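In what follows, a structure is listed as C-alpha cells, so that the remarks can point back to it.
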There are 2 protein chains.
Amino acid sequence: MAVKKTSKEDILQNSIKLFKQNGYYNTSMANIASECGLIKGSIYHHFKSKDEIGLEALKFIHKYFEENIFKIAYKTNLDAKEKIKLFVKKTDEYFLNSEGGCLLGNLALELSNENVLFNDEIRLYFSAWEKALVNILKDKYNESESLELAKEYVALTQGSIMMMQLYSSTDSYLKVGKKLTSLL
Amino acid sequence: MAVKKTSKEDILQNSIKLFKQNGYYNTSMANIASECGLIKGSIYHHFKSKDEIGLEALKFIHKYFEENIFKIAYKTNLDAKEKIKLFVKKTDEYFLNSEGGCLLGNLALELSNENVLFNDEIRLYFSAWEKALVNILKDKYNESESLELAKEYVALTQGSIMMMQLYSSTDSYLKVGKKLTSLL
DNA sequence: GTCTATATCAAGATAGAC
DNA sequence: GTCTATCTTGATATAGAC
C-alpha cells in the first residue's frame, strides 16, 4: 500500500473542521495532526506555526465564498431576482452542511481585538459579503438603502447561525434566506 | 492600610471582562488572578476550577439580564410600547458599554457542543430573552408571529454585536433597537 | 514527508506556611 | 485569605534519523 502524502489543503480542511467545532485555542496541533493521521511534529513540515494554519484557514474559506457565492452578485447573465435566489441557495448549501457554523464569525468573537492579522482577514470577508449583497440589491434600492439592508442581512445570518448551532435547529436560519429573497 | 479581601463577585466580574475580551480558553487562571491583584493559586480558595468560574460567570450575567432587562416585559404598570422602549434602552446601555460584546453569545460560538453545562446555561439565557420579547410583542401580534419576531430580533442583535465588535462601530447595532421599537 | 525524541514554556490544580 | 512552592499535564515548536 502506497504511503499517502498529506497536502497542505488536507491539513487546512481538517483544521477548519476542528476550529469550527471546538474553537481555535481549544484545538491543538496534536488534535490537527491526529485528524490527519499524523503526529504533531509532522505538521510543521507544512506550516511554520499554528497561527499560520489559522490565517490560511480563514483565507481558504474566504476564497471559497468569493469563488462560489459572492461572485454570483457580479454575473451578467442573471437578473437581480435570479441572483439573490442563487446567492441564498449557495449560502444555505454551505452553512446547512457546515458543522460548527461560520469559522470567520466564530473567530470574530473568540479572538481578542489584538489579533490584528486575523481580524483584518475576517473584516475583508464580511465586507466582501456585504458588497456582493449591495450589488444585487441596488437593482431595486438606492445605494444607502442597499448598504443598510446588506449589513442587516449579514448580521442576521450570523446571528441565526449562532442560534442554529446552539439549538441544533435550522428553523430560524432558513427564514433569513426567504426574507432576503423576498426583498427583490 | 487594610488588606483588601477579594470577593467571589470581584473575581467573577474580572473573569467576565477577560473572557469577553480574550475568549474563554485564551484566558488563564493567572490572567484572572493578575486582574484581581492576586496570584493564580489564590483563586482556588474561591472557586474549585476554571470551569466553575466560567459557569458562574454565565449565570451571573443571566441573572443580571433577568433582573434588569427581561423583567421589564412582565411589568404591569407599562403598556407594550413603553415596555419595548425601556427594554431596548436597557439592552443598549449594557451592550454599548460592554467591551467584548455578549459573553453568552461569544461562548455559544467558542465552545464545542460537548460542553453540555455551559450550553444549557446559554440556551436558558437566550430562551428567556426570546420569551420576554414574545410577552411584549403578543400585545399586537399573535403567538406564532410574536415568537418568530422575537427569535429574529435576538439573532439580529447577536449578529449586530458581532459586527459592532469587529468594526468597532455602533452604527448598525443601533438600528436594531429602532427597528424593534417600531414594531409596536 | 513522517517519524522519534526532546526542549521549553504555560496551563490547571494542590499542599501547606503565614 | 493570600502567599510560596510544586506537581502534572499538555501546549507550541525544533532537531535530526529514516
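All chains are named by letter (A, B, ...) in the order of the sequence lines, taking the proteins before the strands, and each is independently numbered beginning at 1. Since we're looking at a predicted model, the values are computed, not measured.
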Applying side chain to side chain contact (heavy atoms under 4.5 Å, CB included), name anything that partners Y64(A), two or more places apart in sequence or on another chain. N68(A), Y94(A)
For V134(B), the hydrophobic cluster (side chain heavy atoms closer than 4.5 Å, chained through members) also holds L147(B)
Rounded distance (Å) that lies between atom P of dT14(C) and atom CD1 of I43(B): 14 Å
Within 45° of the axis and under 6.0 Å from the centre of the six-membered ring of Y24(A), does NZ or CZ of K50(A) qualify? yes
Base, backbone or nothing for each nucleotide of nucleotides 3-17 of chain D, written B, S, -, heavy atoms under 4.0 angstrom, 5' to 3'? BB------BBBB---
Quick one: does D10(B)'s side chain have a donor or acceptor within less than 3.5 Å of a partner on S7(B)'s backbone? yes
Do the side-chain N or O atoms of H45(A) get closer than 4.0 angstrom to the phosphate oxygens (OP1, OP2) of dT2(C)? no
Using a 4.5 Å cut-off between side-chain heavy atoms of Ile, Leu, Val, Met, Phe, Trp and Tyr, which other residues end up in the same hydrophobic cluster as V116(A)? none
Would you check if F19(A) and L107(A) make a side-chain contact, meaning some heavy-atom pair closer than 4.5 Å? no
Please state how far atom CD1 in I53(B) lies from atom C1' in dA13(C), giving the value in whole angstrom units. 12 Å
Do K151(A) and Y167(B) meet the cation-pi criteria used here (NZ or CZ under 6.0 Å from the six-membered ring centre, within 45° of the axis)? yes
K131(A): what forms a side chain to side chain contact (heavy atoms under 4.5 Å, CB included) with it, not counting sequence neighbours? Y74(A)
Between T6(B) and dT2(D), is there a side-chain N or O to OP1/OP2 distance below 4.0 Å? yes
Bend angle of the helix from dG1(C)-dC18(D) to dC18(C)-dG1(D), end axes from five pairs each (to 10°): 10°
